[in-house]
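Nothing here was measured: the structure is a model prediction, and the numbers come from that model. Basis for what follows: all heavy atoms, side chains included, without hydrogens, waters or symmetry-related copies. Atoms within a ligand are numbered from 1 in the order they appear, just like the ligands themselves.
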Amino acid sequence: MGVTFSSENQSDTNLQAEDHLALLRKTTGNDKPIAQHIVTHHHTDHMMGLNDVVKQGANLVIHPTNIIAVRKHLQEPLADNRFVRIKEASYLADGKVMLFDVPNSHAKHNLALYLPDHKLIFTEDMFGSSFQTELHSPNGWPSVDTYHRLDVLVNKINQLDIKVDQYVSSHHARVLNQAEIDKALVLSRPSKDQLIKRLFSGNTEQ
Ligand SMILES: [Zn+2]
Ligand SMILES: [Zn+2]
């Protein structure tokens, strides 16, 4: 069974979705049909390509709350049994893939994917840095919010008692390791009051 994700650089044209699938097949040598496709949350940049994905026959793995947005996004109605609903921490693909919901300030329900064999976590819009080496400065909005979301994610990881070595975030090319996550967690963050004060005093000092 194959499991795929929508990513922000996929478009809704057939060619794009097929290109991505072809690349996946080429790099992995896996030619099994894609049976399930994970929709982490309801934002449009994470639903791109879905029309093609369902046409190709994959079912959508999703938090039930986000089904309404997906139905609106799809050009054709999709039968109820094409949705695989994930509410609690669950396993797919014979235990190779674990999914759990991490409600946070960015999206009320956002599925995180964990590969136990590789100790790798994949999340979308929860933490990260687009910089090659450094983390974003927490001294401004919205960057500071990604640090708060990281807290939420790490708390959930601890609560589930899973070990993570690699942190992958959809909008970022770079994979973060535990040392980088630890560094991000201890960076001092300005309070909401401090941020508002800076905003209105015109002080742009970082
Ligand atoms: Zn989002
Ligand atoms: Zn996004």
Seminar exercise, completed: Looking only at heavy atoms, the pair that brings Ser191 and Gln194 closest together is N-OE1, 2.7 Å
Exercise. Can you list every pair that meets side-chain hydrogen bond (donor to acceptor under 3.5 Å, both in side chains) and has a residue in residues 151-161, with sequence neighbours left out?
Worked result: Asp151-Arg189
Seminar exercise, completed: Answer key: the N, O or S atom of His171 nearest to the Zn ion (ligand 2) is NE2
Exercise. Quick one: are the ring centres of His106 and His148 less than 6.0 Å apart?
Worked result: no
Exercise. Should the pair Arg82-Asp80 be classified as a salt bridge under the 4.0 Å nitrogen-to-oxygen rule?
Worked result: no
Exercise. Excluding waters, which protein N, O or S atoms are within less than 2.8 Å of the Zn ion (ligand 1)?
Worked result: His41 NE2, His43 ND1, His106 NE2, Asp125 OD2
Problem set entry | Donor-acceptor contact below 3.5 Å, side chain Thr146 vs main chain Val144 | no
Exercise. Taking it one step at a time, do Leu60 and Val53 satisfy side-chain contact (heavy atoms from CB on, under 4.5 Å)?
Worked result: CA-CA 9 Å; Leu60 301 182; Val53 166; 4.1 Å; yes
